[in-house]
Asks: 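My questions all concern the structure below.
Order of the sequence lines fixes the chain letters, A, B, ..., with proteins taken first and strands second; residue numbering starts at 1 for each chain.
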Protein chains: 2
Amino acid sequence: MIDTRARRREAKREQILAAAWTLAHRDGLGGISLRELADLVDLRQPSLYAYFESKHALYDAMFEAGNRALVERTRALKPTEDARDAVVDLTRMLLEFVTEDVVRYVLMFQRQIPGFEPSPNSYAAALEFYELVRSKLSAAGVSAQRDIDLFTTLVAGLADQQTANDPGGDRWAGLTDRVLAMFFAEIDSKPTKRKGAR
Amino acid sequence: MIDTRARRREAKREQILAAAWTLAHRDGLGGISLRELADLVDLRQPSLYAYFESKHALYDAMFEAGNRALVERTRALKPTEDARDAVVDLTRMLLEFVTEDVVRYVLMFQRQIPGFEPSPNSYAAALEFYELVRSKLSAAGVSAQRDIDLFTTLVAGLADQQTANDPGGDRWAGLTDRVLAMFFAEIDSKPTKRKGAR
DNA sequence: GTCTATACATCGATAGAC
DNA sequence: GTCTATCGATGTATAGAC
């Protein structure tokens with residue numbers, strides 16, 4: 001049956017992707033060898049091309065998987081009464097997401113693979129996440145672009161320092177609440193005119 | 001004379017380093033090809049090993065040069081009356097340093113070369129810079145480790161976002177003053193006991 | 001789809017002659 | 001110090017049998 005064939009193919013694709021993550025964790029993102037990857041899934045190297053048309057396509061699939069996981073995780077956050085609590089929960093979750101798999105973080109948020117650009121399809125997943133963030137920020141009274149940029153600065157700084165200087169620990173992640181309190185104090189001290197304001 | 005020989009050797013080393021920066025700017029850090037590098041300085045590829053024992057040793061020399069330049073730039077900052085102004089000047093200079101040469105920034109502050117660890121000698125230059133930062137922060141009333149970590153978070157965030165999302169521009173660098181004002185407001189709101197306090 | 005076999009270009013690195 | 005020659009590995013890709 002055609003369905004069986006398609007399902008087997010999809011299963012093999014998933015198997016290849018899982019093996020790719022394994023290799024990436026061991027040797028780094030750039031250290032994935034297609035010959036070794038093929039070995040891990042009982043294929044010969046040229047046969048990988050039946051599933052991914054290039055190594056970049058493999059990275060692209062990994063990039064998409066990472067972003068879909070992040071979107072899912074974001075959607076699974078419990079609703080909060082206060083909109084700012086939602087931003088706190090989001091940020092905590094993001095730091096956790098980032099520290100639990102540094103390689104995935106690097107693939108998604110650092111430009112480390114030379115020449116790799118996400119396909120429009122994969123990038124859509126990334127955009128979906130950013131939209132969720134924007135929406136939560138907006139509900140918390142943060143909608144000016146420069147205020148959003150300030151927020152991304154803080155989160156990027158926490159994630160960068162945490163993964164680079166204390167992987168596995170929480171030296172910087174532990175600053176999350178303090179950083180956000182500081183952020184909202186700054187926002188409140190310079191209120192921005194909003195659409196609904198009189 | 002022995003001096004002449006040593007000087008010629010040092011000059012060739014510098015020539016190789018300069019060519020390496022040229023290639024890195026064109027092709028990225030990882031894109032440096034030893035064969036092309038040798039061509040640029042009129043050598044054959046294996047002869048480079050008379051000057052650098054490996055490609056990592058070349059990166060190490062570049063890492064050290066970058067850090068020495070940063071230390072020099074920091075020492076050249078004009079003294080200020082107010083200690084917090086010195087931190088502002090330092091941060092502005094750092095953002096400028098980072099944006100004027102993104103490749104150098106990546107080499108110095110991101111872990112992008114697989115397996116590259118600075119030698120103790122090169123790392124000493126990096127430590128020298130951190131000591132200067134610590135000293136300026138301390139003079140400005142920031143000496144608790146968690147407060148220093150907060151500062152590094154902010155600077156890392158600005159540098160990361162600026163270089164990654166707006167290279168050549170100043171979308172995030174332009175937030176520097178606001179970020180530092182926010183930082184010092186936070187510091188003042190939670191004063192830390194200091195050695196000299198009564 | 002998967003295989004064998006092969007090819008090409010590139011890479012960092014090393015041996016050994018001079 | 002510099003060279004030629006070479007090694008072993010990589011990613012990429014294709015041809016052609018089954």
Asks: Count the heavy atoms belonging to other residues, nucleotides or ligands that lie under 6.0 Å from CZ of Phe184(B), then report whether that count exceeds 12.
Replies: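 It does: Phe184(B) CZ has more than 12 such atoms within range.
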
Asks: Verify the contact: side-chain N or O of Arg44(A) to OP1 or OP2 of dT2(C), cut-off strictly under 4.0 Å; return yes or no.
Replies: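 Negative; the distance criterion is not met.
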
Asks: Find the distance Asp42(A):CG to dT4(C):P and express it as a whole number of Å.
Replies: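 So the two atoms are 12 Å apart, to the nearest Å.
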
Asks: Within the structure shown, what part of the strands sits under 4.0 Å from Ile32(A) by heavy-atom distance: base, sugar-phosphate, or nothing?
Replies: sugar-phosphate

Asks: With a 4.0 Å cut-off on N to O distance, would you call Arg178(A) and Asp147(B) a salt bridge?
Replies: yes

Asks: Nearest whole Å is fine: how far is dA9(D) P from Asp27(A) CG?
Replies: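 One finds 15 Å between P of dA9(D) and CG of Asp27(A), rounded.
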
Asks: Just checking, Arg104(B) and Phe97(B): is the charged tip under 6.0 Å from the six-membered ring centre and within 45° of the axis?
Replies: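 Yes, a cation-pi geometry.
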
Asks: Report the distance from atom CD of Glu10(A) to atom P of dG1(C), rounded to the nearest whole Å.
Replies: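 Those two atoms, CD and P, are 12 Å apart.
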
Asks: On the nucleotide dG1(D), are OP1 or OP2 found under 4.0 Å from the side-chain N or O atoms that Ser47(B) carries?
Replies: no

Asks: Could you tell me whether Glu64(B) and Arg68(B) have a side-chain N and a carboxylate O separated by less than 4.0 Å?
Replies: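 So Glu64(B) pairs with Arg68(B) through a salt bridge.
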
Asks: Should Ser33(A) be listed as having a side-chain N or O under 4.0 Å from OP1 or OP2 of dG11(D)?
Replies: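 Yes, Ser33(A) has a side-chain N/O under 4.0 Å of OP1/OP2 on dG11(D).
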
Asks: Check Glu10(B) with Arg7(B), please: is the shortest side-chain N to carboxylate O separation under 4.0 Å?
Replies: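 Salt bridge absent between Arg7(B) and Glu10(B).
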
Asks: May I have the distance from Arg5(B) (atom CZ) to dT2(D) (atom P), rounded to whole angstrom?
Replies: 12 Å

Asks: Checking all strands, does Phe52(B) fall into the base, sugar-phosphate, or nothing category for heavy-atom contacts under 4.0 angstrom?
Replies: nothing

Asks: In whole angstrom, give the distance that lies between atom CG of Asp39(B) and atom P of dC3(D).
Replies: 11 Å

Asks: If we ignore hydrogens and angles and just use 3.5 Å, is the side chain of Gln45(A) paired with the main-chain N or O of Ala38(A) as donor and acceptor?
Replies: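 No.
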
Asks: Using every non-hydrogen atom in the two residues, find where Ala156(A) and Asp160(B) come nearest and quote the distance to one decimal.
Replies: CB-OD2, 3.9 Å

Asks: When every nucleotide of nucleotides 13-18 of chain D is labelled 5' to 3' by its protein contacts under 4.0 Å (heavy atoms), B for base, S for sugar-phosphate only, - for none, what sequence of letters results?
Replies: BB----

Asks: Toward the 5' end of DNA chain C, which comes first, Leu43(A) or Glu36(B), by nearest nucleotide?
Replies: Leu43(A)

Asks: Specify the separation, in whole Å, of atom CZ of Arg9(B) and atom C1' of dG1(D).
Replies: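 For the pair Arg9(B) CZ and dG1(D) C1', the rounded distance is 9 Å.
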
Asks: Atom CG of Leu29(B) and atom C1' of dC11(C): how far apart are they, to the nearest Å?
Replies: 17 Å

Asks: How many Å lie between CG on Leu34(A) and C1' on dT10(D), as a whole number?
Replies: 9 Å

